[in-house]
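Notes for the one structure printed next.
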Amino acid sequence: MAHDRVRLEVIRRDSGGSRSSRRLRRAGYVPGVLYGAGQPHPFYVGERELRHALGGEHGVHAIIDVVLDGQQKAHHAVLKDYQLDPLRSTLIHVDLHEVRLDRPIQAQVAVELVGTAEGVSRGGVLSQILREVTVEALPTAMPDRLEVDVSRFEIGESIQVAEIATPEGARIIDDPEAVLASILAPRRVLVEEEVAAEEAAEAEEAVEAAAEAAPAAEGEAGE
């Protein structure tokens with residue numbers, strides 16, 4: 001649970017445009033924007049300090065106490081979005097969203113499947129369709145991740161969002177009947193079923209063709 005808070009001191013900046021942002025990145029800073037009820041606050045912060053704030057125990061769900069230019073009052077915020085350099089995987093932009101600790105927020109939370117499904121033990125394949133769900137909770141009660149024990153599921157069964165247990169104070173707002181994961185039959189079995197279906201279809205077509213040919217043959221014999 002994201003109870004701990006991380007202090008992050010940032011420096012105000014002019015919006016400046018892409019040229020200013022490139023200069024900041026070359027100097028080892030990450031440009032960002034703090035959004036909230038009032039005007040957005042553009043800022044920049046050292047990449048090392050930002051990674052430290054987002055790389056703790058609670059990761060992207062950490063509550064960040066953003067301090068602008070050394071002000072006494074901190075702005076409680078959560079990560080809204082971020083961008084990575086596609087080649088170097090360095091942070092190149094970050095958006096933070098100011099929150100009130102007494103009001104619920106919504107966030108995407110990762111779902112981890114734990115245990116070995118019975119169907120997998122019998123040769124099936126576990127396919128996870130949804131890797132995140134939308135959770136509503138107070139900022140201090142937002143879970144870092146959610147776990148689902150898949151041990152009891154057999155081949156052919158699906159695991160729905162409703163199977164996910166949430167901690168007290170948090171709820172999933174996605175469709176509870178949405179499929180989270182499925183236990184698929186082994187590929188060999190699927191191929192055998194496809195071949196059997198094709199053979200059955202061909203046999204049915206042969207029977208229908210023979211039935212259609214029979215009246216014609218009887219008509220020719222009577223002439």
Side-chain angles (χ1 to χ4, degrees), residues 1-4 51 54-63 78-91 94-95 97 104-211:
M1 306 286 284
H3 289 291
D4 298 334
R51 282 191 176 274
L54 299 177
E57 178 183 355
H58 302 296
V60 297
H61 296 296
I63 299 174
V78 294
L79 179 67
K80 180 179 180 181
D81 196 11
Y82 65 93
Q83 297 175 22
L84 294 174
D85 184 291
L87 298 178
R88 296 181 295 174
S89 295
T90 53
L91 285 163
V94 64
D95 288 333
H97 183 70
I105 61 172
Q106 295 179 3
Q108 294 296 112
V109 178
V111 180
E112 296 182 6
L113 306 182
V114 297
T116 302
E118 286 290 337
V120 172
S121 300
R122 300 176 190 275
V125 177
L126 176 61
S127 174
Q128 185 169 357
I129 299 166
L130 296 179
R131 298 190 177 276
E132 292 182 330
V133 291
T134 308
V135 176
E136 184 176 80
L138 292 176
T140 53
M142 184 65 66
D144 305 325
R145 65 184 182 279
L146 297 169
E147 294 185 350
V148 179
D149 186 353
V150 299
S151 303
R152 64 183 178 85
F153 291 94
E154 295 281 359
I155 291 175
E157 292 187 323
S158 294
I159 305 158
Q160 297 180 321
V161 168
E163 301 285 344
I164 306 173
T166 56
E168 183 178 356
R171 69 184 185 96
I172 298 171
I173 62 174
D174 293 338
D175 180 2
E177 296 184 358
V179 176
L180 175 69
S182 297
I183 312 297
L184 305 177
R187 179 60 185 166
R188 175 182 57 80
V189 174
L190 293 176
V191 171
E192 290 174 353
E193 291 177 350
E194 291 172 1
V195 170
E198 290 175 0
E199 291 177 347
E202 292 173 357
E204 185 176 348
E205 290 175 0
V207 171
E208 291 176 354

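Residues take their numbers from the sequence shown, with the count starting at 1. We use all heavy atoms of the structure for the numbers below, so side chains are in, but hydrogens, waters and symmetry mates are not.
Every residue two or more places apart in sequence or in another chain that forms a side-chain contact (heavy atoms from CB on, under 4.5 Å) with P176 is listed here: A162. Legend: residues meeting side-chain contact (heavy atoms from CB on, under 4.5 Å) with I105, ordered by chain and number and at least two apart, are V78, V99, P139, M142.
Other residues, nucleotides and ligands contribute over 12 non-hydrogen atoms within 6.0 Å of the CZ atom of R51.
Minimum interatomic distance between A178 and L130 (heavy atoms only, all atoms of both residues): CB-CD1, 4.2 Å. When all heavy atoms of H61 and Q108 are compared, the closest pair comes out as CE1-O, 3.1 Å. Minimum heavy-atom separation, P186 to I155: CD-CD1, 4.2 Å. Listed here is the closest heavy atom pair of L113 and A181: CD1-CB, 3.8 Å. Contact between E132 and A110 at its shortest, heavy atoms only, is CG-CA, 4.1 Å. Residue S151 comes nearest to G115 through the heavy atom pair OG-CA, 3.9 Å, listed as atom of the first residue, atom of the second, then distance.
No donor-acceptor distance shorter than 3.5 angstrom exists from the side chain of D85 to the backbone of T90, with no hydrogens or angles considered. Q128 places a side-chain N or O within donor-acceptor distance of the main-chain N or O of V111, the cut-off being under 3.5 Å.
We find the OH-CG distance between Y82 and L91 to be 8.0 Å, quoted to the nearest 0.5 Å. Rounding to the nearest 0.5 angstrom, the gap separating the CD atom in E136 from the CZ atom in R171 is 4.5 Å.
Within the 4.5 Å cutoff, the side chain of V60 has no heavy atoms near those of the L54 side chain. Put simply, the side chain of I172 reaches to within 4.5 Å of the side chain of I164, judged on heavy atoms. In this structure the side chain of L180 never reaches within 4.5 angstrom of the side chain of I129, judged on heavy atoms. Side-chain contact between D81 and V94 is absent, with no heavy atoms from C-beta onward closer than 4.5 Å. The shortest side-chain heavy-atom distance between S127 and I183 does not fall under the 4.5 Å cut-off. Inter-residue side-chain proximity for T140 and I63 is flagged as met; some heavy-atom pair is nearer than 4.5 Å. I173 has its side chain out of reach of V135: every pair of non-hydrogen atoms, C-beta onward, lies at least 4.5 Å apart.
Residues E177 and Q160 bring no donor and acceptor atom of their side chains to less than 3.5 Å of each other. Donor-acceptor pairing under 3.5 Å is recorded for the side chains of S182 and S158.
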task: Please report the C-alpha distance between V161 and D175 in whole Å, then the side-chain angles of each, then the deciding distance to 0.1 Å, and finally whether the side-chain contact (heavy atoms from CB on, under 4.5 Å) criterion is met.
output: CA-CA 7 Å; V161 168; D175 180 2; over 6 Å; no
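Annotation: salt bridge (charged side-chain N to carboxylate O under 4.0 Å, His left out) contacts involving residues 149-163, sequence neighbours excluded, comprise R122-E154, R152-E163.
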